[in-house]
Protein chains: 2
Amino acid sequence: MAIESPHLDATFAALSDPTRRAILARLALGEATVSELAQPFALSQPTISKHLKVLEHAGLIEGGRDAQRRPRRLRAEAMKDAADWIERFRDQWDRRFDNLDRHLATTKKES
Amino acid sequence: MAIESPHLDATFAALSDPTRRAILARLALGEATVSELAQPFALSQPTISKHLKVLEHAGLIEGGRDAQRRPRRLRAEAMKDAADWIERFRDQWDRRFDNLDRHLATTKKES
DNA sequence: TGGCTATATAGCCATATGGCTATCGAATCA
DNA sequence: TGATTCGATAGCCATATGGCTATATAGCCA
């Protein structure tokens with residue numbers, strides 16, 4: 001278990017905001033410009049740009065250029081480490097649910 | 001895709017700190033008291049308590065009591081939603097790696 | 001060139017975060 | 001009872017975060 005990881009820090013921090021998660025979800029469908037990304041939100045354009053910078057800093061998106069547009073696209077690979085980190089706990093929550101199932105089954109049988 | 005989720009916010013935010021991730025990793029091995037949890041870190045006891053509160057608020061841990069001790073244990077199920085959220089992108093990063101593999105294979109063949 | 005469009009940057013504000021020390025409260029033990 | 005131990009809480013500080021408006025920059029079009 002890596003004791004420190006600025007990359008994980010940045011990734012999880014980036015994912016902790018609902019606006020940024022929505023942006024990532026949108027980008028999963030294909031690249032989009034800043035104005036397209038901003039459109040669903042009641043937030044100013046600079047605020048969206050700030051969110052994009054956070055996502056970029058975490059490596060979760062990257063930007064190209066198309067004239068005066070800066071289309072962003074997803075870099076889903078940047079989520080891999082975060083996913084791996086969480087997945088290590090999967091057996092523990094599975095086990096929990098198994099126990100619950102077993103418990104419910106027992107309770108049912110007893111009633 | 002849920003548009004808002006305070007629970008996901010709190011979970012990802014909790015995971016964004018290396019101290020807290022280390023605490024979770026420790027708790028994956030079994031419950032532990034505050035002083036046990038604090039021991040590996042060069043941080044004051046109140047600072048650890050603050051981190052524990054963040055983890056508790058995210059539902060990632062829970063506390064019991066044993067005399068004047070408050071042993072914490074992991075609630076790994078609380079990671080499930082976060083894991084599910086991330087996993088939706090897995091095919092995208094797999095595809096990326098597949099593309100890379102294919103590209104490398106082609107390059108190799110050509111050289 | 002001038003004006004419009006797309007985006008970035010600067011600067012401000014309020015709140016949150018992560019650290020600390022000092023202190024309180026509760027339980028144990030001598 | 002009094003001292004000790006475990007942990008929580010209060011209060012302080014510096015920095016980060018998420019929002020805004022105003023403005024700068026860059027590219028396109030008339």
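The model shown is predicted, which means the values in this text are computed figures rather than measured ones. The sequence lines fix the lettering, A, B, ..., with proteins before strands; numbering per chain opens at 1.
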If you assign A:Asp66 and A:Arg20 each to the DNA chain D nucleotide with the nearest heavy atom, which residue ends up on the more 5' nucleotide?
A:Arg20
Matching residue for A:Ile61 among A:Ile23, A:Leu27, A:Leu37 - test: side-chain contact (heavy atoms from CB on, under 4.5 Å):
A:Leu27
With sequence neighbours excluded, residues passing side-chain contact (heavy atoms from CB on, under 4.5 Å) with A:Ala58
A:Ala10, A:Ala14, A:Leu60
For the helix from C:dT1-D:dA30 to C:dA30-D:dT1, what angle lies between the axis at the first five pairs and the axis at the last five pairs, to 10 degrees?
10°
Residue pair B:Ser35 / B:Gln39, side-chain donor-acceptor N/O under 3.5 Å
no
Quick one: side-chain contact (heavy atoms from CB on, under 4.5 Å) partners of B:Ala38, sequence neighbours excluded?
B:Ile48
Check ion pair A:Asp84-A:Lys80 (N to O, under 4.0 angstrom):
yes
For B:Arg65, which contact category applies under a 4.0 Å heavy-atom criterion: base, sugar-phosphate, or nothing?
nothing
First encountered from the 5' end of DNA chain D, between A:Ile48 and A:Gln68
A:Ile48
Salt bridge flag under 4.0 Å for residues A:Glu87 and A:Arg90
yes
Close residues, residues 35-46 of chain A, relative to DNA chain C [heavy-atom separation under 4.0 Å]
A:Ser35, A:Gln45, A:Pro46
First and last nucleotide of DNA chain D, 5' to 3', lying under 4.0 Å from heavy atoms of chain A
D:dG18 to D:dC28
Contacts of type salt bridge (Lys or Arg N to Asp or Glu O under 4.0 Å), residue B:Glu56, not counting sequence neighbours
B:Arg72
